[in-house]
Amino acid sequence: MSAADEIQKDIEILSEVLTCIPFEWEGKQCITEMKQAGSRHWKQMEWIGFYAEFLIRGVLANRPENSRICPEGDMYGNVSFDLKRAINWDIKTHPNTAHGAILNDCEAMDISLKNHGHHGILMICADCQYDTTGEFKAWHDTLKGGTSPYEQDRKQRGAPSRRRKVSAHLTEARFIVFDSTTIQILSKKQKGWRNADGSPRREKYSISNAQIKNLTSMQHDFPSK
C-alpha cells in the first residue's frame with residue numbers, strides 16, 4: 001500500500017472505533033469511571049480530553065491485531081503522541097465555542113512529520129456545558145482530597161479560576177493530516193507561559209476553527225441530540 005493508502009487505513013480504523021464510544025459524557029460519571037479503572041488522569045481539570053483518550057484506547061485494546069492502532073505513539077524528549085500506525089496521531093477534544101485549539105509541542109510535531117512524512121490530529125468536537133455554580137469544582141476537589149498546590153497558589157495570586165466543563169455532547173470528529181506545507185500555516189502559542197509547577201511551557205502549535213474545517217481530510221458525525 002502507498003503511504004496515502006496507509007494513512008487512509010488509519011482513518012478508517014479510527015472512524016470505526018468512534019462508533020463504539022458514547023457520545024454523551026457526564027463529567028462526574030466519566031471522572032469516576034477513569035478513577036475506578038486506575039487511569040492517572042482522573043484528577044485533571046480538562047477531563048474531556050483525557051476521557052477521549054481513555055475511551056479510544058479501551059476500544060483499540062480489544063481489536064484484532066491486524067487492524068489495531070498502537071495506543072502509544074512515538075516519544076520525542078518528554079512529548080509522547082497518543083496513537084500510531086502509519087503515522088503518529090494526537091487526540092484532541094475541542095469545545096465548539098472555543099475560537100481554536102492548541103495542539104502539541106512544535107519541535108516534537110516537526111520531528112514526527114519529518115520521520116513519517118505526515119502527522120495526524122483526531123479532533124473530537126463537542127457542545128459543552130459549564131459549571132456556573134462551582135458545585136462541580138467542589139465535588140472534584142473533594143474527590144481529589146482537596147485543592148492542589150497550583151490551585152492554592154492561584155488563589156493567593158488572586159487569579160480567576162477557569163470554568164470546569166460538567167458535560168459534553170460529541171458532535172463530530174475531524175481527521176486532520178499535516179504535511180511539511182500545511183504545518184507552516186499554523187500559529188505558535190504558549191511561549192513564556194508557565195506549567196502548574198512554575199516551569200516554562202514549550203511552544204505549541206495552534207489551529208483556528210477555520211483551519212480545522214479547511215484541513216479536515218474526513219469527518220465522522222456523531223448522532224444528534
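Computation of the quantities below employed the complete heavy-atom set of this structure, encompassing side-chain atoms and omitting hydrogens, waters and symmetry-equivalent molecules.
Residues Cys30 and Phe54 fail the side-chain proximity criterion, which asks for heavy atoms closer than 4.5 Å. At least one side-chain heavy atom of Tyr205 sits under 4.5 Å from a side-chain heavy atom of Lys188. Under the 4.5 Å side-chain criterion, counting only non-hydrogen atoms from C-beta, Leu55 is in contact with Pro22. Between Leu215 and Ile185 there is a side-chain heavy-atom pair separated by less than 4.5 Å. Counting only heavy atoms from C-beta outward, the side chains of Leu83 and Ile56 approach each other to under 4.5 Å. The closest side-chain heavy-atom distance from Lys204 to Met109 is not below 4.5 Å.
One finds a salt bridge joining Glu135 and Lys28 here, because a Lys/Arg side-chain nitrogen approaches an Asp/Glu carboxylate oxygen to under 4.0 Å. By the 4.0 Å N-to-carboxylate-O rule, Arg57 lies too far from Glu72 to be salt-bridged with it. A salt bridge links Asp141 with Lys137: the closest approach of a Lys/Arg side-chain nitrogen to an acidic carboxylate oxygen falls below 4.0 angstrom.
Ring geometry for His140 versus Phe136: interplanar angle of 30 to 60°, hence tilted.
When every heavy atom of Ile121 is checked against every heavy atom of Phe178, the shortest pair comes out as CG1-CE1, 3.6 Å. Across all their heavy atoms, Ile212 and Thr216 have their closest contact at O-OG1, 2.6 Å. Heavy atoms only, all atoms of each residue included: Ala101 and Met123 are closest at CB-CE, 4.1 Å. In plain terms, the two heavy atoms of Thr171 and Ala126 that are nearest each other are OG1-N, 4.0 Å. Counting all heavy atoms, side chain and backbone alike, Ile69 lies closest to Leu60 at O-CD1, 3.8 Å. For Leu122 against Ala173, the heavy-atom pair with the smallest separation is CD1-CB, 4.0 Å.
Applying the side-chain contact (heavy atoms from CB on, under 4.5 Å) test between Leu170 and each of Asp127, Ile48, Ile21 identifies Ile21 as the sole match. Of the candidates Thr133, Thr132, Asp131, Val166 forms a side-chain contact (heavy atoms from CB on, under 4.5 Å) with just one, namely Asp131. Shown are Lys165, Lys92, Arg163; of these, the salt bridge (charged side-chain N to carboxylate O under 4.0 Å, His left out) with Glu46 is made only by Lys165. Each of Trp42, Phe23, Trp25 was evaluated against Tyr51; a single residue qualifies, Trp25, per the ring-ring contact (aromatic ring centres under 6.0 Å, His included) test.
A donor-acceptor contact shorter than 3.5 Å links the side chain of Asp82 to the backbone of Ile91. Not one N or O on the side chain of Gln44 forms a donor-acceptor pair closer than 3.5 Å with the backbone of His41. Asp10 places a side-chain N or O within 3.5 Å of a backbone atom of Ala86 that can act as its donor or acceptor partner. Remark: side-chain polar atoms of Thr142 are paired, donor with acceptor, to backbone N or O of Ala138 under 3.5 angstrom. The backbone N or O of Ser180 sits less than 3.5 Å from a side-chain atom of Gln184, completing a donor-acceptor pair.
Heavy atoms from other residues, nucleotides or ligands lying under 6.0 Å from CG of Asp5 number more than 12.
Judged by distance alone, the side chains of Asn115 and Tyr76 do bring a donor and an acceptor atom under 3.5 Å apart. Inspection of the His116 and Asp74 side chains reveals an N or O donor paired with an N or O acceptor under 3.5 Å.
Between His119 atom NE2 and Ile87 atom CD1 the span is 7.5 Å, to the nearest 0.5 Å. Rounded to the nearest 0.5 Å, atoms NE2 (His220) and CD1 (Ile11) are 13.0 Å apart. We find the NE2-OG1 distance between His118 and Thr182 to be 7.5 Å, quoted to the nearest 0.5 Å. If you take CZ on Arg174 and NZ on Lys213, they are separated by 6.5 Å, rounding to the nearest 0.5 Å. Between His99 atom NE2 and Ser206 atom OG the span is 11.5 Å, to the nearest 0.5 Å. Rounded to the nearest 0.5 angstrom, Glu26 CD and Thr32 OG1 are separated by 11.5 Å.
Two rings, from Trp47 and Phe50, have their centers 6.0 Å or more apart.
Linking ILVMFWY residues whenever their side-chain heavy atoms come closer than 4.5 Å, directly or via other members, leaves Leu14 and Leu103 in distinct clusters. Note: the hydrophobic cluster containing Trp89 does not contain Ile183 (ILVMFWY, side chain heavy atoms under 4.5 Å, direct or indirect links). There is a path of hydrophobic side-chain contacts, each under 4.5 Å, that joins Phe222 to Met218. When hydrophobic clusters are built by joining Ile, Leu, Val, Met, Phe, Trp and Tyr residues whose side-chain heavy atoms come closer than 4.5 Å, directly or via intermediates, Ile7 is not grouped with Ile111.
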Using the side-chain contact (heavy atoms from CB on, under 4.5 Å) rule, take Val17 and Arg63 through it: C-alpha gap first, then chi angles, then the decisive distance, then the call.
CA-CA 9 Å; Val17 166; Arg63 289 187 61 88; 3.9 Å; yes
One pair to check against side-chain contact (heavy atoms from CB on, under 4.5 Å): Glu6 and Arg85. What are the steps and the verdict?
CA-CA 8 Å; Glu6 291 287 1; Arg85 183 180 168 277; 2.9 Å; yes
